[in-house]
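Presented below is the structure to which this report refers.
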2 protein chains.
Amino acid sequence: MSITARKERQKEELKGKILQAAKALFMEKGFEETSIRNIAEKIEYSPTTIYLYFKDKDDIFHALHTEGFVLLNQYFRPLAHVSDPFERLKAVMKAYINFAKENGEFYDLMFIINSPMKSVEKEAGEWEEGKRAFEFLIGTVGECIQRGYFHGMDAEVVAFTLWSMVHGICSLEIRNRCSVVSALNQEDLANKATGVIQEILERMHSKPQ
Amino acid sequence: MSITARKERQKEELKGKILQAAKALFMEKGFEETSIRNIAEKIEYSPTTIYLYFKDKDDIFHALHTEGFVLLNQYFRPLAHVSDPFERLKAVMKAYINFAKENGEFYDLMFIINSPMKSVEKEAGEWEEGKRAFEFLIGTVGECIQRGYFHGMDAEVVAFTLWSMVHGICSLEIRNRCSVVSALNQEDLANKATGVIQEILERMHSKPQ
DNA sequence: TAATTAACTTAACACCGTTAATTAACATAT
DNA sequence: ATATGTTAATTAACGGTGTTAAGTTAATTA
């Protein structure tokens, strides 16, 4: 009895160690530069052992992908207590951008890199943490609409649009498209763009209050 | 005399053939799936020959990268004749989105994939076609500001922000982040988001006319 | 005609993700 | 207590990648 339990525990432990090693390498070198052989070396197992715990490389990074969404939701959680929905909305967008800045490689994996989506699309049904994040945004937008913001628009569509806006800034910065286009410091430009979006948002209430 | 000219011409010809083969493979299979060995096979040369014409794989895709910007500028060129700057601005954004839709792999290379930027950043000075595209946008925004749109804002910053917005939509669609987040058809969602942005733009003139 | 240069190829290096076959350790049943 | 079966991990290998060094062949110059 307890002996199979111990084995189970040990298997889970090693699976955790693989993930932990993958995460460390991934965070310091990025997705492309992290190989299964690297991960294996780090945990002092043979590369093929990893295939006993994960189907393939995508599978590993799919696990990190959902881990990233857990982290993003941690950025969002405190904002649930902001009662004014428009203030909350602005705070969510700021938090999203901060998340991107502070977790560049995770952001890349979650919103840019192709690899993890193959697994996500297969799962279809489940995708809890990702949907939680987006639904928090939709909910907030919905409340804003009730208060006269984004008049006549659909909450889901507006939420997606706002997400697109901040994602545009974050992904252009992460993939280095800012510096080549402007004399401005890359981070500066992104900050100012964020300012413009805030400015735009302010003008989005048709019937104030 | 003419003999060296012919050789020069032939060298240039083969360089062109490499690029052409790379482009064909790239457009049907994408960046990751196009190998130097593939390209070599297509033009019936040994893989190493390619290195006599291009420094490395990045160098090839850097060439395609600028080719993509030439194409983008062709989407923009007709719009130079739209006299009203705000109408022109909206048309530019539409054209950009059309470009992305009709040239997905090129878009990926130009605005998402890391590889070509290594070369772009080294060139530093030159990057003509890319800057032409962006400066067309800045110019249009500048004229809009003169007519009372985006009051008190900086043209370059606004241009970058608008670019971010449409890039957000395009890149989320290309990298398949729409379908997982909404029951809506992916293209539908992107179209509706574009509509919201148009709507937002309409509200951006402080002193109309 | 001999020496040099240019264009190209073959062979090889060091990696990659992944699969098949194999060993070693352990648990169970006789 | 011995034989059997199962599990975890390994080694070896396949077919691929980008890239470099060394070698070949043909054309051009001296």
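In the text below, chain A, chain B and the rest are named by the order of the sequence lines, each starting its count at 1.
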Nucleotide nearest [X] when distance is taken to its side chain, options [options]:
X        : options                  : answer
Leu14(B) : dC8(C), dG17(C), dT20(D) : dC8(C)
Asn38(B) : dT17(D), dA9(D), dC8(C)  : dT17(D)
Tyr51(A) : dT17(D), dG17(C), dA9(D) : dG17(C)
Thr49(A) : dA9(D), dC8(C), dT19(D)  : dA9(D)

Worksheet item: What is the base-pairing partner of dT29(D), counting Watson-Crick and G-U wobble geometry with both distances under 3.5 Å?
Response: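 dA2(C) - that is the nucleotide pairing with dT29(D), both distances being under 3.5 Å.
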Using whole Å, what does the distance between atom [atom2] of nucleotide [N] and atom [atom1] of [X] come to?
X        : N       : atom1 : atom2 : result
Ile43(A) : dT10(D) : CD1   : C1'   : 13 Å
Glu32(B) : dT17(D) : CD    : C1'   : 11 Å
Lys57(B) : dT19(D) : NZ    : P     : 8 Å
Lys15(A) : dA9(D)  : NZ    : C1'   : 17 Å
Arg37(B) : dA12(C) : CZ    : P     : 14 Å
Ile50(B) : dT20(D) : CD1   : C1'   : 15 Å
Ile18(A) : dA8(D)  : CD1   : C1'   : 12 Å
Leu52(B) : dG23(D) : CG    : C1'   : 14 Å

Are [X] and [Y] an aromatic pair by the rule of ring centers under 6.0 Å?
X         : Y        : result
Phe111(A) : Tyr96(A) : yes
His65(B)  : Phe69(B) : yes
Phe31(A)  : Phe26(A) : no

Item to complete: Would you indicate what Ser46(A) reaches in the nucleic acid, counting non-hydrogen atoms under 4.0 angstrom: base, sugar-phosphate, or nothing?
Response: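 Base contact.
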Worksheet item: Just checking Tyr53(A): base, sugar-phosphate only, or nothing, at a heavy-atom cut-off of under 4.0 Å?
Response: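 If one applies the 4.0 Å heavy-atom cut-off, Tyr53(A) turns out to touch the sugar-phosphate alone, with no base involved.
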Worksheet item: More 5' along DNA chain C: Lys55(A) or Ser35(A), using each one's nearest nucleotide?
Response: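 So the residue in question is Ser35(A).
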Worksheet item: For residues Ser119(A) and Asp58(A), is any side-chain donor paired with an opposing acceptor at under 3.5 Å?
Response: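 Judged by distance alone, the side chains do not pair up.
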Discussion item. Should the side chain of Thr48(B) and the base of dT20(D) be counted as holding a donor-acceptor pair, with the cut-off at 3.5 Å?
Written reply: no
Worksheet item: Is the NZ atom of Lys90(A) crowded by more than 12 outside heavy atoms at less than 6.0 Å?
Response: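 Yes, because the 6.0 Å sphere around NZ of Lys90(A) holds more than 12 heavy atoms from other groups.
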